[in-house]
Student: 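Quick one: structure below, then a few questions.
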Amino acid sequence: MATALDQPLREQAQRIRQAVLHAAEHTLGLAVTAVDLEIDAVLELPRVPRGERFELSER
């Protein structure tokens with residue numbers, strides 16, 4: 001798995017585990033008891049200069 005460091009790794013790993021468990025059970029019909037993850041790469045997010053940041057507004 002490759003991930004960015006914009007969120008805590010434990011939280012990201014837990015979300016991925018839950019997605020894999022859900023897909024295995026509901027899509028494939030498999031009974032899965034554990035999902036092991038290994039982070040083997042860290043992705044760098046593009047840096048945005050402060051003057052170029054913007055926020056999305058609700059419409």
Side-chain angles (χ1 to χ4, degrees):
M1 172 175 115
T3 188
L5 297 177
D6 60 335
Q7 298 175 8
L9 293 178
R10 288 180 192 240
E11 291 176 14
Q12 291 185 61
Q14 187 58 29
R15 281 195 302 275
I16 293 168
R17 280 188 193 96
Q18 291 301 319
V20 171
L21 286 170
H22 179 80
E25 292 174 1
H26 292 88
T27 304
L28 302 174
L30 300 174
V32 177
T33 57
V35 176
D36 293 327
L37 299 175
E38 181 176 320
I39 297 171
D40 58 8
V42 175
L43 304 174
E44 289 190 38
L45 297 175
R47 297 193 183 268
V48 178
R50 285 188 181 198
E52 295 181 25
R53 291 184 184 176
F54 65 93
E55 293 187 25
L56 297 175
S57 61
E58 292 184 30
R59 292 182 183 198

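Below, each value reflects all heavy atoms present in this structure, side chains not excepted, and no hydrogens, waters or symmetry copies. Residue numbers run from 1 in the order of the sequence given.
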Student: Sequence neighbours excluded and cut-off under 3.5 Å, please list the side-chain donor-acceptor pairs for residues 1-16, or say none.
Tutor:
from	atom 1	to	atom 2	distance (Å)
T3	OG1	Q12	OE1	2.2
T3	OG1	Q12	NE2	3.4
Q7	OE1	R15	NH2	2.2
Q12	NE2	A4	O	3.0
Q12	NE2	Q7	O	2.8

Student: Give every residue pair that meets the ring-ring contact (aromatic ring centres under 6.0 Å, His included) criterion with at least one member in residues 5-24, sequence neighbours excluded.
Tutor: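 Output for this query lists H22-H26.
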Student: Pairs under 3.5 angstrom only: tabulate donor-acceptor contacts from the side chains of residues 30-40 to other protein residues two or more places apart or in another chain.
Tutor:
none

